[in-house]
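This report refers to the structure that appears directly beneath it.
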Amino acid sequence: MHKRDLIDLADLRPSELADIVRFAGEISENPSYYKGAAQHKILATLFYEPSTRTSMSFQAAMLRLGGSLIGFDDPSNSSVAKGESLKDTVRVFSNYADVLAIRSPWEGAAMAASLYTRCPVINAGDGGHLHPTQTLTDLTTLNYTLGRLENLTIGLCGDNKNGRTVHSLVKTMSRLKGNRFVIISTPELTLPQYLHDEILANGCTMEFSDSLEEAIGKLDMLYMTRIQKERFPSVEEYEKNKGVFILDRQKMRLAKEDMCVLHPLPRVDEIAVEVDDDPRAAYFAQTEYGMYARMALIQRITERVDRSVPSTLESTHAKRCKNPRCITTQEHYLPRLFDEKGGKLLCRYCEHKL
Ligand code: ASP
Ligand code: CP
């Protein structure tokens, strides 16, 4: 059977997604039961960007499954520093490992890597685009804290423009029945248009707010995010947008008794430390569910054994993607791949419209 990558949760059938979330919950009940499940398997973690949780929870997940690890958390310690291309690095790693998790500042990097590997690739965050394993973490946490993933009013507060965790969450939760979205951000940091389109196309509702105080009372889940400093063109631009929305004890008084607060972390100043003791603050529990979600994913994704190198893809069009953050602007050998959607061409790596 061919390898299956996890680049975007939209690649999974709804039943596969539900299975991973259910399995993660099962693992969380009795993690030691799975201690030999990935024995003799190797996970490679290739982190071209900093990480605490994703990197460490992938590593902890593999170790708890009895598997082993290779990889780097700083590409300057690898031959990337000598000018090695992404294609060559991942091709070599896939000769050594059974599954590869990659994080990159470039949008579409994981998808690009998947074109050249003999083993499955997991997207551990590609620039400001997507972060699917964070969404698996979020869904597993929600399932436990609220007991459901449907018919929820979801507040997204902070950097909805650059927050890749928000993008993956919106894509996934707008496919589940009856969810409503409240977008709480400055106009500069609102959701990208393609995600507005996705919410509406999936039959969900969406409203906008510039006041966390006003919006918080109607929410079942509040998803806070950090303003993504590293995605801003200048420090001045970042300074203009930071510190606008801060969740504190006073605002929590306006929220429902059973509202749940999630945050992918790291936190900067958008949640006051005083909120940490509120029983509705689930963001530290969320980091633990992330490990169980990754234990579930690793087991499912390494079930297939075919280790052939994928055949080379031909460009679909002669044009280039115009998104300056797209991986194709860095790795020029990549085939130019576009899909047609609504009369427009969509870059298959980063989803930008041409
Ligand atoms: N850790 C998450 C990410 O890598 C969120 C963040 O960095 O703010 O996308
Ligand atoms: N949630 C998350 O991705 O955290 P890190 O950036 O620390 O991995």
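Counting starts at 1 for both ligands and their atoms, following the listed order.
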Using a plain distance cutoff, I'd like to know if Pro264 has any nitrogen or oxygen under 3.5 Å from a nitrogen or oxygen of ligand 2.
yes
Any donor-acceptor N or O pair under 3.5 Å, side chains Asp138, Gln134:
yes
Centroid-to-centroid, His196 to Phe208, below 6.0 Å?
yes
From Arg53, Arg164, Arg103 - option closest to atom 9 (O) of ligand 1 by heavy atom
Arg164
Could you verify whether a donor N or O on one side chain and an acceptor N or O on the other, from Ser79 and Lys82, lie under 3.5 Å apart?
yes
Short list, please: which atoms of ligand 1 are under 4.0 Å from a heavy atom of His131?
3 (C), 4 (O), 9 (O)
Pairing donors with acceptors under 3.5 angstrom, does anything connect the side chains of Arg118 and Ser308?
no
When you check the side-chain N and O atoms of Thr133 and Arg294, is any donor under 3.5 Å from an acceptor?
yes
Testing the 3.5 Å rule here: is there a donor-acceptor pair between the side chains of Tyr333 and Glu331?
yes
Protein heavy-atom partner closest to atom 5 (C) of ligand 1 - residue, atom, separation in Å
Leu265 O, 3.6 Å
Contact region, Thr165 to ligand 2, non-hydrogen atoms below 4.0 Å, reads neither
Top protein contact for atom 8 (O) of ligand 2, by heavy-atom distance
Ser51 OG, 2.6 Å
Show your working on ring-ring contact (aromatic ring centres under 6.0 Å, His included) between Tyr144 and Tyr289 and close with a plain yes or no.
CA-CA 9 Å; Tyr144 258 77; Tyr289 285 120; 5.2 Å; yes
Could you find the nearest protein heavy atom to atom 7 (O) of ligand 2 and give me its residue, atom name and distance?
Thr52 N, 2.7 Å
Using a strict 4.0 Å cut-off to heavy atoms of Gln228, name the atoms of ligand 1 that fall inside it.
6 (C), 8 (O)
Return the closest protein heavy atom for atom 4 (O) of ligand 2 as residue, atom name and distance.
Arg53 NE, 3.0 Å
Under a heavy-atom criterion of less than 4.0 Å, does Gly125 contact ligand 1?
no
Ligand-residue contact atoms, ligand 1 with Pro266, heavy atoms, under 4.0 Å
1 (N), 6 (C), 7 (O)
Counting only heavy atoms not in Glu150 (residues, nucleotides, ligands), do more than 12 fall under 6.0 Å from its CD?
yes
Could you check atom 6 (O) of ligand 2 against the protein and tell me its nearest heavy-atom contact, residue, atom and distance included?
Arg103 NH1, 2.9 Å
Do you see a donor-acceptor pair shorter than 3.5 Å between the side chains of His263 and Arg226?
no
Take every heavy atom of His131, measure it against each atom of ligand 2, and state whether any distance is under 4.0 Å.
yes
For ligand 1, note which part of Thr54 has a heavy atom under 4.0 Å away: side chain, backbone, both or neither.
neither
Quick one: do the Thr135 and Lys171 side chains pair a donor with an acceptor below 3.5 Å?
no
Heteroatom proximity flag, Thr165 to ligand 1, N/O under 3.5 Å:
no
For Leu265, the atoms of ligand 2 under 4.0 Å from one of its heavy atoms are 1 (N), 2 (C), 4 (O)
Taking only heavy atoms of Arg226, which atoms of ligand 1 are found under 4.0 Å from at least one of them?
6 (C), 7 (O), 8 (O)
Identify, for atom 2 (C) of ligand 2, the protein heavy atom at the shortest distance, and state residue, atom and that distance.
Thr54 OG1, 3.4 Å
Looking only at distances, can you tell me whether any N or O atom of Ser55, backbone or side chain, sits closer than 3.5 Å to an N or O atom of ligand 2?
no
Does Asp159 have a non-hydrogen atom less than 4.0 Å from ligand 1?
no
Going by atom types only, do Arg180 and Thr205 share a side-chain donor-acceptor pair under 3.5 Å?
no
Within 45° of the ring axis of Phe23 and under 6.0 Å from its six-membered ring centre, is that where the NZ or CZ of Arg300 lies?
yes
